[in-house]
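Just below is one structure, and these are the notes that go with it.
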Amino acid sequence: MNDPILNVKNLTVDIPVSGGTLHAVRGIDFELNRGETLCIVGESGSGKSLTSLAVMGLLGKRLQVRADKMEFEGRDLGSMPQRQMQALRGDRMAMIFQEPMTSLNPAYTIGDQLCEALRLHRKVSKAEAMARAADLLGKVGITAAESRLRQFPHQLSGGLRQRVMIAMSLMCEPDLIIADEPTTALDVTIQAQILRLLADLKREMNMALILVTHDLGVVARIADKVAVMYAGEIVESGSAKEIFDAPSHPYTRGLLNCIPVPGKTKPGEPLGSIPGIVPSLIGDVSGCAFRSRCNQAIEACASTVPERSAGGEHKYRCIHTQLTSEVA
Amino acid sequence: MLAFALKRLGLAVLVTFTVSAISFSLLHLSGDPATAIAGENATEADIAAINEQYGFDRPFAEQYAEWLWNAVQGDFGQSYYFKLPVAELIADRLSVTMTLGVCAISFALLTAVPLGVLAAIRPNSLIDRIALFISVAGQAMPSFWFGLIMIVVFSIKFRLLPPSGSETWRHFIMPTIVLGYYAMPAIMRLTRAGMLEVLNADYVRTARAKGAGAGRVLFKHALRNAIVPVVSLSAVQMGFMLGGSIVVESIFALHGAGYLAWESIGRHDLPTVQALILIFSCFYILFTLLSDLANAWLDPRIRVG
Ligand SMILES: Nc1ncnc2c1ncn2[C@@H]1O[C@H](COP(=O)(O)OP(=O)(O)OP(=O)(O)O)[C@@H](O)[C@H]1O
Ligand code: SF4
Ligand SMILES: [Mg+2]
């Protein structure tokens, strides 16, 4: 029971591009226990989606995914045959995507698509699957579920479609749900509802949740663990309390700058903006990728930067052991 | 859906009348029908008699109205050449053309769709290049030339297939391939382009995330969406193939409606030509209509508002 449900060590994703190799994810580690919520935060392009998709085994063959370890419930995902991976996907681990408008197949009804998620993994009749689908639609807050089942995706709003996606991910009662910015494409008012829904369902069903989000207010409310990504690396990770109480990486501090107290921030508020741009990750990358934007940067930041422990699970990757208080 | 279908149907009927009126006028302007019937050695008096007998001396609009009135009742007059009712003549020939058309479109779909899918799964692979070559060759090569080559190779050199006639199914093999190849490149490329797009769609990723296997993802989720425009293109291609059928039937002396049209034009057999034009345009419009309906039927975004 104490074994982590997901244990990832040194995950890299390389993408061949015209100018060489894009090192989009560069050796990240994380662990997640049963029933825990890990929030991954970081700005656009930092590799959050690639990380999520790599765990699900959904990246195309063109992208090279490598890891020293990528274990789900004690089984190595990296070496697993395609068939076994298929058996896990949608059953034990499910994913909710960033793009609710286009993630449902326009040719089939909501009911058909929900049923498929169950019937791919369980021997149940269509009627039983439909009953479960209707049940779950109710659970994700969709009224008149029976008639919704007969509708096609284009007849639903973005918020409803994302609720359908959530219901779909729950069809087999997975142990892990990966939600990749499930609300970014939705209206602000809907965003909060959907995130609250996810958090509630997760607690009710005792699932592990990886939530990729920009919304630090939500992170403060629901995360057990936080991983801060920057330019393909996890620059800081730890329990939510550790991160919010003692942010140790200059980038994390920059992010938290405009979030004074956890829990009091309005949902949907954007990350604090830090001036500067992310360096190109094409070709060899050395030193701290944040140094062009960091106000604590020193010469040594251009060489290898060690990962430091700040006690407990709390780790960060910076040249400084002790940061001066005026940052970002 | 019903209102949509009725609107399209109304439009189709209108187009058919327009086509028949235009073709009727053009044919009557293109030469004096009485001279054609009477032959080269006819006297003034013969021609006058024929004009009288067939009613060519009446006002043009009256002639058209009479023809149309009879035509909608299935009476297309007598063939000048065969001295037979045109309706009978055509009914017989049309079954040959329809057989050829159905075989050809089936051949085109059965080769084009799998090839397009394979090409899309592995873009720039050997199979993709072969598919591209086949489609470019198909588009560059005129049907009559391809037909002649087939005859030279399979009938004359290897003596495998009969070069002409329509008596047995073996007579239909080469025409089917030639006519099918005419429609195939467009279908193949649309399948390939559609599959390429759809395979990158978010909902295909969703299907994989659910745990669907490669085959299911490919056929149930991807092809089902990519095929929608292909179905409507095929219906339109059926219409175009009627034109191609005239060429192909002439090459292989296949006694179908296309061959009859070709011969009748040469013989100035006006009633036959007019009837054929009307029937061909009806078919063409029917196929276009079918294409619209198939599109609406296959794509819930059109069907369900
Ligand atoms: N298939 C691909 N081909 C080329 N580059 C890619 C591909 N997928 C992702 N990338 C690049 O990899 C980097 C990381 O992408 P990723 O989608 O993981 O970012 P993200 O953190 O999810 O950002 P966002 O918040 O915008 O979703 C980006 O620079 C992106 O351009
Ligand atoms: S390593 Fe240097 S550049 Fe990077 S965050 Fe620390 S101080 Fe800033
Ligand atoms: Mg993303």
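These figures come from a predicted structure and were not determined experimentally. In what follows, chains carry the letters A, B, and so on, assigned in the order in which the sequence lines appear, proteins first and then strands, with residues in each chain numbered from 1.
Of all residues spanning residues 99-113 of chain A, those with a heavy atom less than 4.5 Å away from chain B's heavy atoms are A:E99, A:T102, A:S103, A:L104, A:N105, A:P106, A:A107, A:Y108, A:Q113, arranged by number. Within residues 121-153 of chain A, the residues approaching chain B closer than 4.5 Å by heavy atoms are, in numerical order, A:H121, A:F152.
A:A87 does not touch chain B: none of its heavy atoms, backbone or side chain, sits under 4.5 Å away. When heavy atoms are compared at a cutoff of 4.5 Å, B:N225 approaches chain A solely by way of its side chain, counted from C-beta outward. Of the atoms belonging to B:A209, heavy atoms from both backbone and side chain fall under 4.5 Å from chain A. Proximity to chain B (any heavy atom under 4.5 Å) is shown, for A:M85, by neither the backbone nor the side chain.
Put simply, CZ on A:F97 and CG on B:D202 are 8.0 Å apart, with the number rounded to the nearest 0.5 Å. B:H221 NE2 to A:E116 CD: the interatomic distance, rounded to the nearest 0.5 Å, is 3.5 Å. Note that CD1 of B:I302 and NE2 of A:H154 are 9.5 Å apart. Values are rounded to the nearest 0.5 Å. Taking CD of A:Q86 as the reference point, atom CZ of B:R216 lies at 11.0 Å (rounded to 0.5 Å).
Within the 4.5 Å cutoff, side-chain heavy atoms of A:L53 are placed close to those of B:R205. Between B:K210 and A:D91 there is no side-chain heavy-atom pair separated by less than 4.5 Å.
Atom CD of A:Q84 is surrounded by more than 12 heavy atoms from other residues, nucleotides or ligands within 6.0 Å.
Contacts with chain B were tallied for A:M168, A:R83, A:M95; A:M168 has the most, counting heavy-atom pairs under 4.5 Å.
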